[in-house]
Novice: 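Pasting in a structure now, in structure tokens, and then I'll have a few things to ask.
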Amino acid sequence: MMIGALARAGGVGVETVRYYQRRGLIGEPEKSGGVRRYDAEAVRRLRFIRAAQTAGFTLAQIAELIELDAGQDRERARALAVARIAAIDEEIARLTGARDALARLASTCAAGTGAGCPILEAFEP
């Protein structure tokens, strides 16, 4: 497939594919008849990159994971995963706090008592 089809298959734009190539995350096949053709492995790699980004990995960490995939350093891969889990747990706690504050605000405003809507108080612990 050509780069446009690869980009569509990975849910990104062509420039994103080119950027990943410049970063060394996706290989750039040789031209055949003036056109570069990508295979299923390129689609797999592109989808991995997108999924890893969704999990919060940086491109540098993704490059490291790709290298680890080719080797046997499972301990390092595990350490990266555990660190991301901890960061996600912190983010969940932060978002839960924000949700709770908004719920207090909505509840207090719905009650309609007092002067005005207590926006500032809603976000106090």
Side-chain angles (χ1 to χ4, degrees):
M1 73 186 77
M2 293 191 295
I3 194 167
L6 172 64
R8 281 189 299 280
V12 299
V14 170
E15 287 306 313
T16 300
V17 173
R18 290 187 177 126
Y19 178 71
Y20 292 161
Q21 288 174 329
R22 287 191 301 275
R23 295 286 307 252
L25 300 172
I26 296 176
E28 191 172 336
E30 295 294 322
K31 286 186 178 180
S32 174
V35 177
R36 298 185 197 285
R37 300 249 179 228
Y38 296 86
D39 58 14
E41 180 57 31
V43 174
R44 180 176 172 261
R45 175 72 62 94
L46 182 55
R47 288 180 177 160
F48 165 75
I49 293 166
R50 300 301 291 166
Q53 284 181 310
T54 300
F57 286 104
T58 65
L59 291 180
Q61 290 169 325
I62 292 169
E64 185 176 359
L65 288 170
I66 290 169
E67 286 180 30
L68 291 171
D69 184 56
Q72 294 296 318
D73 192 354
R74 293 179 184 204
E75 187 57 34
R76 177 64 184 146
R78 181 186 167 288
L80 286 169
V82 167
R84 279 306 310 143
I85 291 168
I88 289 170
D89 287 344
E90 288 176 16
E91 183 72 5
I92 289 170
R94 188 186 66 75
L95 289 171
T96 299
R99 185 195 181 288
D100 291 347
L102 290 170
R104 283 192 304 275
L105 176 62
S107 175
T108 304
C109 288
T113 60
C117 192
I119 293 171
L120 296 179
E121 291 85 10
F123 286 93
E124 292 177 357

Novice: With distance as the sole test, does Arg47 use its side chain to make a donor-acceptor pair with the main-chain N or O of Ala9 at under 3.5 Å?
Specialist: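 Judged by distance alone, yes, a pair lies under 3.5 Å.
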Novice: For the atom pair CD1 (Ile66) and CD1 (Ile26), what is the distance rounded to the nearest 0.5 Å?
Specialist: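 So the gap between those two atoms works out to 8.0 Å.
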Novice: Among Lys31, Met1, Met2, which residue meets the side-chain contact (heavy atoms from CB on, under 4.5 Å) test with Arg37?
Specialist: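 Answer after filtering Lys31, Met1, Met2: Met2.
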Novice: Mind jotting down which residue pairs meet the side chain to side chain donor-acceptor pair (under 3.5 Å) criterion with at least one end in residues 71-83? Sequence neighbours excluded, please.
Specialist: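 Non-adjacent pairs meeting side chain to side chain donor-acceptor pair (under 3.5 Å): Glu64-Arg76.
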Novice: Hey, are the side chains of Gln21 and Val17 touching, using non-hydrogen atoms and a 4.5 Å cut-off?
Specialist: yes
Novice: For residues Arg50 and Gln53, is any side-chain donor paired with an opposing acceptor at under 3.5 Å?
Specialist: yes
Novice: For the residue pair Arg45 and Leu25, what are the closest heavy atoms and their distance?
Specialist: NH1-O, 2.8 Å
Novice: Count the heavy atoms of every other residue, nucleotide or ligand shown that sit under 6.0 Å from CZ of Arg44, and state whether that count exceeds 12.
Specialist: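 It does not: Arg44 CZ has 12 such atoms or fewer within range.
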Novice: Does the side chain to side chain contact (heavy atoms under 4.5 Å, CB included) test come out yes or no for Arg18 and Arg22, once each step is laid out?
Specialist: CA-CA 6 Å; Arg18 290 187 177 126; Arg22 287 191 301 275; 3.9 Å; yes
Novice: Show the numbers, then the answer: is there a side chain to side chain contact (heavy atoms under 4.5 Å, CB included) between Tyr38 and Val43?
Specialist: CA-CA 8 Å; Tyr38 296 86; Val43 174; over 6 Å; no
Novice: Can you see which heavy atom on Leu6 is nearest to which on Leu46, and at what distance?
Specialist: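 In terms of heavy atoms, the two residues are closest at O-CD2, 3.4 Å.
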Novice: Out of the candidates Ile62, Leu65, Ile85, only one should pair with Leu80 under the side-chain contact (heavy atoms from CB on, under 4.5 Å) rule; please name it.
Specialist: Leu65
Novice: Would you find a donor on one side and an acceptor on the other, under 3.5 Å apart, between the side chain of Arg23 and the backbone of Leu59?
Specialist: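 Such a contact is absent between Arg23 side chain and Leu59 backbone.
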Novice: Counting only N and O atoms by type, is there a donor-acceptor contact under 3.5 Å from the side chain of Asp89 to the main-chain atoms of Ile92?
Specialist: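 Such a contact is absent between Asp89 side chain and Ile92 backbone.
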